[in-house]
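Numbering of ligands and ligand atoms starts at 1, following listing order.
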Amino acid sequence: MSPLESFLHEPRVAYFSMEIALESAIPTYAGGLGVLAGDTLRAAADLELPMVAVSLVSRGGHFRQRIDADGRQVEEPSPWEPHDHAVPLAAKVALTLEERTVWVTGWLYVLQSHLGGSQPVLLLDTDLEENCAEDRRITHQLYGDDGPNRLKQEAVLGIGGVRLLQALGFEIRQYHMNEGHSALLGLELLRRHAHRAEELRSGESPYDLPLVRGLCCFTTHTPVEAGHDRFDHGLVQRVLDDFIPLAMVKQLGGEDALNMTLLALNLSEYVNGVAQRHAEVSRRMFPGYRVHAVTNGVHPHTWTAPPLRALYDRYLPGWCHEPELLVRADCCIPPAALLEAHAQAKQALIERVKQRTGTQLHPRVPILGFARRMTAYKRPDLLFADLARLKAISAERSFQVVLAGKAHPRDSGGKRLIEQLHRHIRELSGTVALAFIPDYDMEIALELVSGSDLWLNTPLPPMEASGTSGMKAAFNGVPSLSVLDGWWVEGCIEGVTGWAVGSATETGHEADATVLYDKLEQTVLPLYYGYETTPGGWVKVMQGAIAKNASFFNSHRMMRRYATEAYIG
Ligand SMILES: *Cc1c(COP(=O)(O)O)cnc(C)c1O
């Protein structure tokens, strides 16, 4: 039996995502959206919930980040070779873009669960001899450029993806769009299920919207208007031509431009945001739509460092399949064993920091970790708003900071932030140990979330739809100090799972920085160093993060909810 055939005997949920983080060596992801897609499939593999993922092959990857002598991000190519990880598929499908036939094939990557299950992942590829040079490059670069090629990528993903699934013999019971990039799949389904002209009375539409909506669900990730993909109708017409009548595109995707989020909303019966707060924001942004909330979760085995895995295997066996068991972590895991496992993870991070940056960190001094896409709303500079105050805090009780994150190549603000962080590293040298690990990826992420003592997140509300790195930290017994936005609104129990920066309502750069400094100075660092005054105080918060956050903010709870509410419901 070919590897593909073993996946064709039962109906599956098709999960469409522009990016997917399969493993560190396969750079088909840019950040949180791709990691979530990977965790979704990993959870489905653990739970043996039949799915098939559809994404782009992105042979050119995203980019590799180097930091030059002036502290600036330099982008280097990050190609990968699909042959090394996946098998080519024999099927080919065609679509018409700019009046040319574009052939699409794909690669089969088999995502294997350590628990035995597996899921197929199709990586779409237009690099075929039949295509002209320009079309061969459509699927080359993840988020390569805006405008025409982006629309073509989305056409290949949505339209090509649906056609390839059919050509390969998959029976699809439900289509799940992870973000709006793949929403053209709904238009392809409208075409496929259209009534024949002779069945219609005059003026009747051939398209069966209720039927297609019943087949589709949509997860939105973008809490700001500017974040939604939009395409000019002129461009849509030029690229897609008569794929579907323009009047229909306007009716479903917006009168002034094709808004992919709006299109997905109109074509999906079930719609959700990725945290409760984010669902509320989305309902305000798109009044009239029923937006559910399924708060994100992270994959237990992937995001738990080896020493912590061994600890849970010993004291809470079965936690990988049933992470709810971690709810007992506060009572069933001896504090000394937890501290020892954490010390091992911390040592691994210290070695990595030394190897990648030359900076020697101290094992007895707390490490604050901060890593995410470097962009203005994530505010990586908030911790550095007042360097004098930061130095004063550190003079009393010292701490060290490890940073990582890439800025999108076209995000000049994000790139400036990276430069600024490197200036701070120089300015604070000798007082606060600071290190920036270049080329943030899944591997660095795991080392960071497990080896830090405190996980920091300081976005500008309500911009953080969910955020997931704090959940990964919780799986490693690392508490968060974060702004109340995204998942932390649900996850924060003050002093029990970590600490909040600011109130849920009032925020501002200076006000938030002051609260951040106050919390660090008066609450967090005294507790960390409080061996004499509050013995066991810090380890209790570590246990609280595992018991109350990891037991809930995991991909298995998320997938069980999608299965019962979005796929079956
Ligand atoms: C988890 C992860 C992210 C997302 O983290 P956020 O907290 O949601 O910003 C981004 N990039 C990598 C490599 C990750 O592992």
Side-chain angles (χ1 to χ4, degrees), residues 17 19-40 42-43 61-65 78 142-143 178-179 219 221-223 227 273-275 277-278 295-305 349 352 369-380 382 402-408 411 414 417 437-452 454-476 478 480-483 485-492 498 549-550 553-555 558:
S17 183
E19 50 172 304
I20 185 162
L22 300 167
E23 45 186 280
S24 261
I26 303 184
T28 50
Y29 66 99
L33 185 71
V35 174
L36 179 82
D39 281 2
T40 297
R42 283 183 275 275
H62 188 42
F63 69 90
R64 209 182 303 287
Q65 180 195 54
S78 61
L142 178 59
Y143 303 126
N178 186 42
E179 193 51 301
T219 301
H221 293 260
T222 320
V274 289
R277 163 70 62 87
H278 174 236
T295 302
N296 281 343
V298 298
H299 186 250
H301 188 260
T302 302
W303 296 112
T304 305
L349 176 62
R352 172 72 69 181
F370 181 102
R372 47 192 46 84
R373 187 156 51 84
M374 290 290 163
T375 191
Y377 87 81
K378 299 265 193 181
R379 297 194 298 184
L382 193 73
V402 182
L403 305 153
K406 296 175 175 178
H408 190 282
D411 181 358
L417 283 166
I437 307 181
D439 206 28
Y440 185 44
D441 64 5
M442 286 177 82
E443 200 179 327
I444 299 290
L446 177 59
E447 287 171 350
L448 263 165
V449 295
S450 59
S452 299
L454 181 72
W455 194 250
L456 212 58
N457 190 19
T458 52
L460 182 67
M463 310 278 272
E464 184 87 314
S466 164
T468 53
S469 56
M471 302 173 184
K472 301 171 190 169
F475 263 94
N476 295 282
V478 174
S480 285
L481 170 60
S482 294
V483 165
D485 197 18
W487 82 282
W488 194 232
V489 176
E490 297 158 61
C492 179
N549 281 345
F553 297 98
N554 57 72
S555 54
M558 176 180 81

Relative to ligand 1, is [X] under 4.0 angstrom through side chain, backbone, both or neither, heavy atoms considered?
X	answer
V35	side chain
V298	neither
S469	both

Next on the checklist: Could you report the tightest heavy-atom contact between D485 and P461, atom names first, then the distance?
Outcome noted: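 In terms of heavy atoms, the two residues are closest at OD2-CA, 3.2 Å.
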Checklist entry - Should the ring pair Y143 and H62 be called parallel, tilted or perpendicular, given that the plane angle runs from 0 to 90° and is split at 30 and 60? => result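 Y143 vs H62 ring planes: perpendicular.
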Under 3.5 Å, is there a donor-acceptor pair linking the side chains of [X] and [Y]?
X	Y	result
T468	N296	no
S17	N178	yes
S469	R372	yes

Next on the checklist: Strictly below 4.0 Å, N to O, side chains only: are E443 and R352 in salt-bridge contact?
Outcome noted: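 Looking at E443 and R352, the cut-off is met.
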Subset of ligand 1 atoms that lie under 4.0 Å from at least one heavy atom of [X]:
X	answer
D441	13 (C)
K378	9 (O)
A445	15 (O)

Checklist entry - Is the shortest N/O to N/O distance between E464 and ligand 1 below 3.5 Å? => result no
Checklist entry - Does W303 reach ligand 1 with a nitrogen or oxygen that is under 3.5 Å from one of the ligand's nitrogen or oxygen atoms? => result no
Checklist entry - Are E464 and W487 close enough, and set up right, to give a side chain to side chain contact (heavy atoms under 4.5 Å, CB included), and what steps lead you there? => result CA-CA 9 Å; E464 184 87 314; W487 82 282; over 6 Å; no
Item to check | Heavy-atom nearest neighbour of atom 3 (C) of ligand 1 within options R373, R372, K472 | outcome: K472
Checklist entry - So which protein heavy atom does atom 11 (N) of ligand 1 come closest to, and at what separation? => result Y440 CE2, 3.4 Å
